[in-house]
Amino acid sequence: MAVAELTPSSSSYTKTALHYSSQFSYVSARVSSRRRVYLKPQISRISCSVTSNEVQAPVAAKTVELKKKPDCFGVFCLTYDLKAEDETKSWKKLINIAVSGAAGMISNHLLFKLASGEVFGPDQPIALKLLGSERSFQALEGVAMELEDSLFPLLREVSIGIDPYEVFQDAEWALLIGAKPRGPGMERADLLDINGQIFAEQGKALNAVASRNVKVMVVGNPCNTNALICLKNAPDIPAKNFHALTRLDENRAKCQLALKAGVFYDQVSNVTIWGNHSTTQVPDFLNAKINGLPVKEVIKDTKWLEEEFTEKVQKRGGVLIQKWGRSSAASTAVSIVDAIRSLVTPTPEGDWFSSGVYTAGNPYGIADGIVFSMPCRSKGDGDYELVKDVIFDDYLWSRIKKTEAELLAEKKCVAHLTGEGIAVCDLPGDTMLPGEM
Ligand code: LMR
């Protein structure tokens, strides 16, 4: 899915800075001014010595002092008593939602939807744990300030930071949006490696500190393989809990089918996106329905379905980037909401939704050990089952094999990050990551 800026945080300079950022709370002005000092390269060198317990004693002392402060932002540091508030008597237990890339465009749409109650419901109080980077930290403060100013009753806590080990603490949902965008001249293998390292680190952090049943939604591209890396680095969390966002592709496919059939899009159901969130993805018109009828009975133009429709959905992200000059943000946020709601509300009878999930033991014969978008149903408990009653024809199956081959190649390319040996990158030349044109 679309990308948000993120700086990998592996240096000791980063580690020093994060003590400030994660302990932001009441001391925003002081933290901000100190951060300016710490952003200077020569200071970052000195910061490294903090870990050796010498030279930087005053800095270390300040760090310790700040660490004692609650890990919260502004008004969200005030204590409150849920029991004392009449209107909250029927509320559910607070849930912790971690969001990476929290200062990016997608999050800017998403966070306010989460806080409003439209995702988890009007009786579900939430805590938002926002992960940013050194570079985006001030913007993250701005996001937190806007959340404060929105006076959302259900938003009970907001904390911000740049260390996933702190931000992911007790997370019950982790929405991993932050990823590095592909720069000019950057090879696909390089992008897989750079973002893979971020998701390996975040997987480890989730494994160490998140709820044992955390649900993880990977949005940062290449989201399928990032999700694979993340789950492989989180062996104590069920692999089934990891999702790569392909709901935006499903929504795009529904829109195109509705347009062609001349119906409103609520009449389009049973749309599966198979495979990778890339130009090899397969929008399935064989099993999809319009007004309860198979699409092929309503849209008789098979050539349009196989060529124009399929390509439009596959390349929609790239076309949007050409128009906007940046990745889709609002529609991605909406699709994250849809994807979460599909897991926390029962799937309507006879319908299903698409999600990129771990293939282990799938009923279709797709290779095991990759994250592949498939049709799912949920009872609304956060879990899902794969849909068994789907049909395949030669066209659909040959397309599925192509996207499967791409994901298997991506998997080999990140073997060094999944604990599966030495990476060998031989990516199919005729396929593209989302957003590439
Ligand atoms: C999209 O599908 O809109 C994005 O994933 C495109 C991109 O590469 O950011």
Side-chain angles (χ1 to χ4, degrees), residues 3-19 21-23 48 51 67 71 96-102 129-137 140 159-180 190-245 356-358 360 369-371 410-423:
V3 289
E5 89 177 28
L6 192 148
T7 309
S9 56
S10 54
S11 66
S12 49
Y13 154 56
T14 303
K15 284 200 161 57
T16 302
L18 71 84
H19 291 305
S21 60
S22 63
Q23 303 308 320
C48 298
T51 50
K67 271 193 86 68
D71 183 11
N96 293 316
I97 305 168
V99 181
S100 80
K129 294 159 158 277
L130 308 182
L131 182 67
S133 63
E134 291 158 45
R135 215 154 53 111
S136 69
F137 189 77
L140 200 54
S159 53
I160 63 178
I162 64 172
D163 180 357
Y165 283 85
E166 293 185 1
V167 176
F168 292 168
Q169 187 74 46
D170 300 324
E172 287 149 295
W173 286 84
L175 312 177
L176 305 185
I177 297 169
K180 206 167 177 66
D190 295 338
L191 187 69
L192 277 165
D193 183 53
I194 290 171
N195 280 332
Q197 292 190 36
I198 292 165
F199 284 87
E201 189 197 10
Q202 293 186 357
K204 288 190 177 88
L206 287 168
N207 201 53
V209 301
S211 152
R212 296 303 79 188
N213 198 27
V214 61
K215 303 289 187 290
V216 184
M217 186 73 63
V218 177
V219 179
N221 276 323
C223 61
N224 295 57
T225 299
N226 288 341
L228 178 71
I229 293 167
C230 199
L231 74 87
K232 289 285 180 189
N233 283 277
D236 301 334
I237 296 167
K240 205 181 172 200
N241 290 16
F242 289 77
H243 297 259
L245 185 76
V357 292
Y358 196 52
I370 50 180
V371 172
E410 286 188 17
K411 179 184 173 170
K412 280 194 193 148
C413 199
V414 298
H416 60 305
L417 297 170
T418 55
E420 286 169 16
I422 298 169

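Residue indices begin at 1 and follow the sequence shown. Since the structure is predicted, the reported quantities are computational estimates derived from the model, not experimental observations.
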Derivation of the side chain to side chain contact (heavy atoms under 4.5 Å, CB included) call for Val357 and His243: CA-CA 5 Å; Val357 292; His243 297 259; 3.5 Å; yes

Glu410 and Ile370: CA distance, side-chain angles, deciding distance, side chain to side chain contact (heavy atoms under 4.5 Å, CB included) verdict: CA-CA 9 Å; Glu410 286 188 17; Ile370 50 180; over 6 Å; no

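- Although no hydrogens or angles enter the test, the distance criterion places no donor-acceptor pair under 3.5 Å between the side chain of Ser211 and the main chain of Asp170.
- To the nearest 0.5 Å, the span separating CG on Leu130 from CD1 on Ile162 amounts to 13.5 Å.
- Residues Val219 and Leu175 form no side-chain contact, since every pair of their non-hydrogen atoms from C-beta on lies 4.5 Å or further apart.
- Pairing each heavy atom of Ala423 with each of Cys413, the nearest pair is CB-O, 3.4 Å.
- The environment of NZ in Lys412 is sparse: at most 12 heavy-atom neighbours from other residues, nucleotides or ligands sit within 6.0 Å.
- Counting all heavy atoms, side chain and backbone alike, Phe168 lies closest to Leu131 at CZ-CD2, 3.9 Å.
- Separating the CD1 atom in Ile237 from the CZ atom in Arg212 is a distance of 5.0 Å, to the nearest 0.5 Å.
- Separation of atoms CZ (Phe242) and NZ (Lys215) is listed at 10.5 Å; rounding is to 0.5 Å.
- Closest heavy-atom contact between Pro222 and Asn195: CD-ND2, 4.4 Å.
- Side-chain polar atoms of Asn207 and Asn233 form no donor-acceptor pair below 3.5 angstrom.
- Closest approach of Cys230 to Gln202, counting heavy atoms only: SG-C, 4.4 Å.
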Intermediate values then yes/no, side chain to side chain contact (heavy atoms under 4.5 Å, CB included), Val209 and Val167: CA-CA 9 Å; Val209 301; Val167 176; over 6 Å; no

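- Between the side chain of Lys129 and the main chain of Asn96, no donor-acceptor pair closer than 3.5 Å is present.
- Summarising the geometry, atom CG belonging to Asn226 is positioned 12.5 Å from atom CG belonging to Leu245; distances are rounded to the nearest 0.5 Å.
- Residues meeting the salt bridge (charged side-chain N to carboxylate O under 4.0 Å, His left out) test with Lys411, sequence neighbours left out: Glu420.
- Side-chain atoms of Ser100 come within 3.5 Å of backbone N or O of Gly178 as a donor-acceptor pair.
- In this structure, CZ on Phe199 lies 12.5 Å from CG on Leu231, to the nearest 0.5 angstrom.
- Closest heavy-atom contact between Lys232 and Tyr358: NZ-OH, 3.0 Å.
- Heavy atoms only, all atoms of each residue included: Cys223 and Ala244 are closest at O-CB, 3.6 Å.
- Note that CG of Leu206 and CD of Glu201 are 10.5 Å apart. Values are rounded to the nearest 0.5 Å.
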Thr225/Leu192 under side chain to side chain contact (heavy atoms under 4.5 Å, CB included): CA gap, chis, key distance, verdict: CA-CA 8 Å; Thr225 299; Leu192 277 165; 4.0 Å; yes

